[in-house]
Each structure stands twice: as C-alpha cells, then as structure tokens.
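Take a look at the structure set out below.
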Amino acid sequence: MYIKRLELSNFKSFGGTTPVPLLPGFTVISGPNGSGKSNLIDALLFCLGLAGSKGMRAERLPDLVNHTQTSRSRSTVEASVTVTFDLVGMGGMGGGQQLETVNGNGNGNGKNAVSAVDTTLTVVPDPLPEGDTASSPFSLHASLEWSVTRKLRVTQQGTYTSNYYINGQPCTLTELHEELNRLRVYPEGYNVVLQGDVTRIISMNSRERREIIDELA
Amino acid sequence: MYIKRLELSNFKSFGGTTPVPLLPGFTVISGPNGSGKSNLIDALLFCLGLAGSKGMRAERLPDLVNHTQTSRSRSTVEASVTVTFDLVGMGGMGGGQQLETVNGNGNGNGKNAVSAVDTTLTVVPDPLPEGDTASSPFSLHASLEWSVTRKLRVTQQGTYTSNYYINGQPCTLTELHEELNRLRVYPEGYNVVLQGDVTRIISMNSRERREIIDELA
Amino acid sequence: RQQAFKEAFDAVNINFQAIFAELSDGDGHLQLDDANDPFNGGLNLVAHPKGKPVQRLASMSGGEKSLTALSFIFALQRYRPSPFYAFDEVDMFLDGANVERLARMIKQQAKQAQFIVVSLRRPMIESSERTIGVTQARGAFTQVLGIDLLPQSASV
Amino acid sequence: RQQAFKEAFDAVNINFQAIFAELSDGDGHLQLDDANDPFNGGLNLVAHPKGKPVQRLASMSGGEKSLTALSFIFALQRYRPSPFYAFDEVDMFLDGANVERLARMIKQQAKQAQFIVVSLRRPMIESSERTIGVTQARGAFTQVLGIDLLPQSASV
Ligand SMILES: Nc1ncnc2c1ncn2[C@@H]1O[C@H](COP(=O)(O)OP(=O)(O)OP(=O)(O)O)[C@@H](O)[C@H]1O
Ligand SMILES: Nc1ncnc2c1ncn2[C@@H]1O[C@H](COP(=O)(O)OP(=O)(O)OP(=O)(O)O)[C@@H](O)[C@H]1O
Ligand SMILES: [Mg+2]
Ligand SMILES: [Mg+2]
C-alpha cells in the first residue's frame, strides 16, 4: 500500500487544482526556500486529520485557503485536498471478519459511507496469480484505490465548515481515524516528521520524552 | 585589526596545546559532526569573557577542561585559551588622549597591567610608509600584537579558579571588557552568532526582540 | 498500564540501539530516570559515539544531537510501522557523510514502505529513486515540476 | 532613554531594510507594536518576499524565517560594527541559492572585518578565501588540519 496521488485545490500556496502523482519507494521533494515543500506535507496532515491548524503553521483553519482566493472572491471560498491510496497487496488485512466489527459501528450512526468504505477496504484480495483474474468476484475493483478528501469552506464573514469524505462519501473524523488505524496510520505514530520536530525532541525535557512512549503503549 | 591566532590547551575536545593561526578576511571552518568546530567558537567566548558556562554548552566551568585530562590526573588540572590580535592599522584609535583616561582608571586599582596594555594599545601608530621605520620611537613594537589569555584551574575536589591576563599580566574581567569595548568588541554586540541563535531569534516573542535593541541603545 | 509501558519501552530501546549503531557507528541506549517506576521520572537518550565517552544529549554537538533524536524517532516508527513516512528536512544539521548514511538507511527501508522526504541536501537527493521539484515564480502559485516517474539520476 | 532607543531603532531599521533586500530580493522592515511608547510593546520582523503578500515571521517558511532573522542580526551588527565576526552554521536552513547569496554578502563585508564562519554547506566553503579543516579521530583529540594560508579552491 502507498500514497498514489495528492490533489490540492486552493490549499495554502497552491492555487487552482494541482495533482501530485507519487510512486512507492524513495521520493525526494526539493526546491527553493518558501516554494511550498512543507505546504505539501501540511496538505497530507490536513486531509488525513493528523494535525490541528497550529500543526500546519496557520493561526486558524481559514488561513489555509489560498490568500489570492480569499482576497479576490466575494462569496464562499473553498480549499480541498484529496489523498488517494493504492491498496494493492493489502490482502493480508484479514478479509471477512473486518466487515463484522465495522458494521456494528457503522449502523450506530447510520452513515452509509463507512460500510461502503469497508467493501473496498476489507475484501481486497491478495493479488491473484496471473491469468486467474476472471474467476475472482472482486476483479471489478480493478483500481483497488481508496481515497480520502477534506473540504474546507469559508464564508465571507469568516465562519467555516470542514468535511471529510471517504471515496466521495461523507464521514466523521472518528470514522476516518478508525479506518486509518486499520491501515496502520496513527495520529501519534510519528510517521510524519515536520520541519523542526528533530529540534523539538532535542529540547524536550526527559518527562515529555517518556510521555511519547506512554502514548504508543 | 583582526584575530591573528588562537591557542587552546586542554580546552574541551582539544588536548595538549593546539595553535590555530588565522588571517583577516573570510575563513570557513568545516569538518564532520562532533569534531570540535563549535568548541573553537566556545574557546573564543571563554577567553574574551563573552559568555557564561551555559553559553558554552557546559553545566559548570570545570566541564570545559578536557575530559581525558580530568580523568587521568591526580592533581590540579588546567585549561587555557589565548587569543592574539594583530593591531596593525588601529592607529585611528585616538592616540595620546586614550592614555589619559585609562591611566586614571589603572592607578585606581593599582594594576600595572592596564597601563602596560595601554602602551601597546593606544600609541599604535598608523603603519609608516616603507623605509621610514627607523625614526619611529615605537618601532620596537614590531609585533603590534595584543593578547588575552584565560586560565582555568580545577582541583581534585572540583573547586576552581579562573584568571584573565592581558599580554601576560593579570587583569579583571571588567578591565578586560573595558579594553575590548575600546576595540569595539561588545559582549552584547551580536558579533558572535552561535549554533542555534538564528532559531532562538525566530522563536522569541516580540517583547524579547525589542529588548535586544534596548541593550544596544 | 506499567506492563504496557515496559513492553513498549523495551521494544523501542532495542530498536534505538540498532538504529543508532547503524547511523553513527557508536552505541546508544534509552535510560529511564526511575526504572522501577517509570511514571515517576523521565527518559534520557544516552549515546556513546565511537571512541568518545558516554554522554547525554545535552553535551553533544548539534549534529550528534540530531542523529540521536532521529534514531529515537525511527525507533518509535519501527515499533508501530506504517505504510508511508513523510520527513521534512530532517537532515539539516548533518554533515555530508551523515546525510549519506541517513539516505542509505532510508533507501533500505523504502523497500518496505513509501518514503516522501523533503530535503535541500545533495547526498539525499542523489540517493532517492526520483525527485519532485517544487517552485513558486514571483507572485504565482506553487508549481510542481519534474515529476519524473522513472528512476532518475540526480538532477541537482 | 526613549530618545536613545528611538535612535537605535531607526538606524537598525534602515540597516534591516537594506540587508533584507540584498539577501532576499524583497522588502522588509521592523515594526513596533506601539510606536509612540516602544517600551509598552514588542518588535516584529515584517517581510515581503518579492511577489508575495506582506507577512509576519510566524507564517513564513523555515528558510524565509531564517533569512529574516539573519537580516536582523546583521542589522544589529552594522549599528555597532566590530573588527571580527564568528558565525556558527547560520546557513543550515537555506537552499543552495540563498547560501550563495549569503556567502556573497559575507565576502563583501570581509573586506572591512574578519569573518570566521563554521559551515557544512558547499557554496559557503567555495566562496571563502580559505578553509580550516577540523576532525577528531576515534578517541583522540580534535585536530586542526589544512590551515591553508594561501587563497584556495574548494576542497570539499
Ligand atoms: N571537556 C570536554 N572534553 C572532551 N570532549 C569534550 C568536552 N566538552 C565537549 N566535548 C566534546 O566535543 C564534541 C562536540 O564538539 P562540537 O560541538 O564542537 O562539534 P561540532 O564540530 O560543532 O559539530 P556539529 O557539526 O555537529 O555542530 C562532543 O562530542 C563532546 O563530547
Ligand atoms: N493560505 C496561503 N495562501 C498563499 N500562500 C501561503 C498560504 N499559507 C502559506 N503560504 C505561503 O507559503 C510559503 C511557505 O511555504 P513552505 O513553508 O511550504 O516553504 P518551503 O518550501 O517548505 O520552504 P523552506 O525550504 O524554507 O522550508 C510562505 O511564503 C507563505 O507565504
Ligand atoms: Mg519547509
Ligand atoms: Mg557545532
């Protein structure tokens, strides 16, 4: 599993819609100071709900909308980020029994989206041996993709709404985090190391450092 | 005027006596992480009395003595740093009248050293045109040098003494700072920017930043 | 609770020792202020770069500190592996040789997970499989350039 | 006291504007929270990199912040010039082009004062008049190498 594509619309220094295709393995992002490298990482945190506005270097959430957009427009402005994962190879996620637990949850708050998510997520088969695809009932899911979108709408008066979507269907942050946990993406998992995190760890006192392990335990 | 030489003895990661000749203009110091680059800058701060032990990344002053030295020896250990300035070209320091003011001071606390310093410092002539050196009464001062030394002695029990010397004569820190001010080296002048100072300025609040200008004014 | 903490601590400590040895050629370990009652104290990173006495984080150089902190972050990640990692200029304190060592380790790990690394340092750019360029012309939006989806040689 | 502050502030502000323009091609200035009673508030560094809206330090990128902070430090130094300057890795946040710009400025200033600059970045090493190498073999003391007293080409 890996991140296949990022799509940023009016997010921070990105105007219009900017697609960023990604591949598995080792990719470096480089460019001049102030050109938008950290903003790409912020887009990832924003979409997956892994950080608050402070963690994305913004005073308030509305500051994340591209300034040119907010200063030009008279009506509501919108910023959005979509992260598309390629799930090929996730077969080991445990198949059927996943479906049981989530449905229990999903019905509770009546959101269809969660079970829809589940269909894509949980029954992803191990890649079949070549030539055998015709017999698999799920070969329809040729794309084996899973996408998360977050939209931020800001009105002229400065009030805002922020919504999460999984595969285009609305969901709550809690549901999103549950699905992400299943994919082994944890908000406190330290898999995203921000500019300055290394210095932060160095200047922490020893108690704060111990608390990091508490969270993981 | 410039720093002509540094000499470190048993200071931090420098063992024995290490001379470091320097030239005017633009010199870069480079080398692997942990090899002792910042320790060279600390040596400068130590000798000229521009920072306390925290500013030199040591818990207490005795930590500045080379560890190998402290762990091996049974008696008192000593670390010292000498900074030698080349004063050629300092003639513009105002010549004779300097001698008046300092002497008033110097006699006050009876330290010969200060007036000795003065002789070197204040009557440094502008470099004479070639060939005319014979007629100048001060040509004896061919070296036109001024050196500051600081010695730190630490006993086995951990008590320590620290002494400053100007051209080999003992002096106090206040006298040293007076002379340094005359050479336009000010403790709060920001002419030494330590590793991490840039980050410190960035994370200061606006009041602290304003206080920097208060100090300069 | 103490049980869960102890298990996490031991695992992260083992990771830390292995990673620190790989990144810096020395020995390092995690040390609890109070091993019997961990919640009573804090946690220190203790490192012993090859040939130097054992030292705490506070008395190391800028680069040594950042290598130690990075080893701790990676040790936490190994305890809870994730399918992707994003690093933003974690190599800025390191000298050329240490950037290369770090890049080698990332290249190795990138066989099991996706690594997206923002960096300005040449050894890191050269070891990657591909580089995405980002720029912003005067007054314009951020442009994403050179998404070179084929394995590439260094473009810098 | 206010008088002395005002005079220092105005001079440093003028320096800051000149230096920031030289280092980053944009406009910057110092802004007091309370211009009438400076001791009542703080001081902000406001910068307007070419083609971008005016912004405070907090919303800039890592590199933009460090260029702004550096401009402020240099502006203070110009107010009280000194015969020598020592900088310890002040270029670590900067991209290659900004390191070059900073190196060019230092080279220019080095005609009037001595600059001793610790750096790991290649453009800085290459612009200097000479490089002093420092190393420490396993368990040994720090050695100072290659004190190349002649003008030199880059050795890295
Ligand atoms: N009293 C001492 N005796 C021996 N070694 C010491 C002493 N004090 C500090 N050191 C050693 O000096 C080293 C740090 O050197 P320094 O901070 O100058 O490195 P540096 O070259 O600036 O590295 P970096 O590029 O990472 O900033 C540390 O490894 C530390 O152990
Ligand atoms: N809402 C926004 N609209 C437009 N521009 C924005 C917005 N938020 C931030 N920016 C701009 O984005 C720039 C910062 O980008 P970013 O932090 O990604 O730079 P970077 O490439 O990481 O640089 P560095 O190498 O210095 O870390 C700033 O100049 C800032 O003005
Ligand atoms: Mg950045
Ligand atoms: Mg250093």
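Numbers restart at 1 for each chain; the letters A, B, ... are given by sequence-line order, proteins then strands. Any value given below was found using the heavy atoms of this structure, including those in side chains, with hydrogens, waters and symmetry copies removed.
At least one donor-acceptor pair closer than 3.5 Å links the side chain of D/Asp95 to the backbone N or O of D/Asn98. Checked by atom type and distance alone, the side chain of B/Thr18 never pairs as donor or acceptor with a backbone atom of B/Phe14 at under 3.5 Å. Checked by atom type and distance alone, the side chain of D/Gln109 never pairs as donor or acceptor with a backbone atom of D/Ile106 at under 3.5 Å. Put simply, the side chain of D/Asp34 gets close to the backbone of D/Asn36: a donor and an acceptor are under 3.5 Å apart. For B/Lys151 (side chain) and B/Tyr165 (main-chain N/O), no donor-acceptor pair under 3.5 Å exists by modelled atom type.
When heavy atoms are compared at a cutoff of 4.5 Å, B/Asn33 approaches chain D solely by way of its side chain, counted from C-beta outward. Both the backbone and the side chain of B/Ser13 come within contact range of chain D, judged by heavy atoms closer than 4.5 Å. Contact annotation for D/Asp33: only side-chain heavy atoms (C-beta onward) come within less than 4.5 Å of a heavy atom of chain B. Only the backbone of B/Pro24 comes within contact range of chain D, with heavy atoms under 4.5 Å apart. Neither the backbone nor the side chain of B/Asn39 comes within less than 4.5 Å of any heavy atom in chain D. Both the backbone and the side chain of D/Leu45 come within less than 4.5 Å of a heavy atom in chain B. In this structure, no portion of D/Arg121 lies under 4.5 Å from any heavy atom of chain B. Proximity to chain D (any heavy atom under 4.5 Å) is restricted, for B/Thr68, to the side chain, taken from C-beta onward. Residue contact with chain B, scored on non-hydrogen atoms closer than 4.5 Å, involves the backbone and the side chain of D/Phe9 alike. Of the atoms belonging to B/Ile212, it is side-chain heavy atoms, and not backbone ones, that fall under 4.5 Å from chain D. In this structure, chain B has heavy atoms under 4.5 Å from both the backbone and the side chain of D/Leu76. For D/Thr68, no part sits under 4.5 Å from any heavy atom of chain B, backbone or side chain. Using a 4.5 Å cut-off between heavy atoms, D/Val12 touches chain B through its side chain atoms alone. Neither the backbone nor the side chain of D/Ala58 has a heavy atom closer than 4.5 Å to any heavy atom of chain B. Looking at D/Glu7, neither its backbone nor its side chain comes within 4.5 Å of chain B, counting heavy atoms on both sides. Of the two parts of B/Ile202, the backbone and the side chain both hold a non-hydrogen atom closer than 4.5 Å to a non-hydrogen atom of chain D.
Taking the centre of each ring, B/Phe46 and B/Phe11 come in below the 6.0 Å mark. You'll find the ring centres of D/Phe74 and B/Tyr190 outside the 6.0 Å limit. Taking the ring centroids of D/Tyr85 and D/Phe115, they lie under the 6.0 Å cut-off.
The candidate from D/Ala137, D/Pro38, D/Ala103 with the greatest count of non-hydrogen atom pairs under 4.5 Å with chain B is D/Pro38. Ranked by non-hydrogen atom pairs under 4.5 Å with chain B, the options D/Leu70, D/Ile116, D/Leu32 are led by D/Ile116. Chain B forms the most heavy-atom pairs under 4.5 Å with one residue out of D/Ser82, D/Ala86, D/Ala11, D/Gly62, and that residue is D/Ala86. Ranked by heavy-atom pairs under 4.5 Å with chain D, the first of B/Asp214, B/Val185, B/Thr27 is B/Thr27. Interface check for chain B: of the options D/Ala140, D/Ala4, D/Pro81, the most heavy-atom pairs under 4.5 Å are formed by D/Pro81.
For B/Tyr160, the OH atom counts as loosely surrounded, since its 6.0 Å shell holds 12 or fewer non-hydrogen atoms of other residues, nucleotides or ligands.
In summary, the side chains of D/Lys111 and D/Gln108 do present a donor paired with an acceptor at a separation below 3.5 Å, with no hydrogens or angles considered. With 3.5 Å as the limit, one finds no donor-acceptor pair spanning the side chains of B/Glu145 and B/Asn167. Side-chain atoms of B/Thr82 and B/Thr149 form a donor-acceptor pair, as typed in the model, at a separation below 3.5 Å.
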Let's go through B/Arg150 and B/Tyr164 carefully: what are the C-alpha distance in whole Å and the side-chain angles of both, what is the deciding distance for side chain to side chain donor-acceptor pair (under 3.5 Å) to 0.1 Å, and is it a yes or a no? CA-CA 4 Å; B/Arg150 184 174 178 188; B/Tyr164 293 92; 3.1 Å; yes
Start with the C-alpha distance between B/Arg200 and B/Asp197, add both sets of side-chain angles, then the distance that settles salt bridge (Lys or Arg N to Asp or Glu O under 4.0 Å), and finish with yes or no. CA-CA 5 Å; B/Arg200 202 166 52 73; B/Asp197 272 2; 3.4 Å; yes
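Ionic pairing of D/Asp88 and B/Lys37 is not present here: no N-O contact between side-chain nitrogen and carboxylate oxygen is shorter than 4.0 angstrom. Note on B/Arg209 versus B/Glu211: no salt bridge recorded, every NZ/NE/NH1/NH2 to OD/OE distance being 4.0 Å or above.
Residues of residues 14-28 of chain D never come closer than 4.5 Å to chain B when only heavy atoms are counted.
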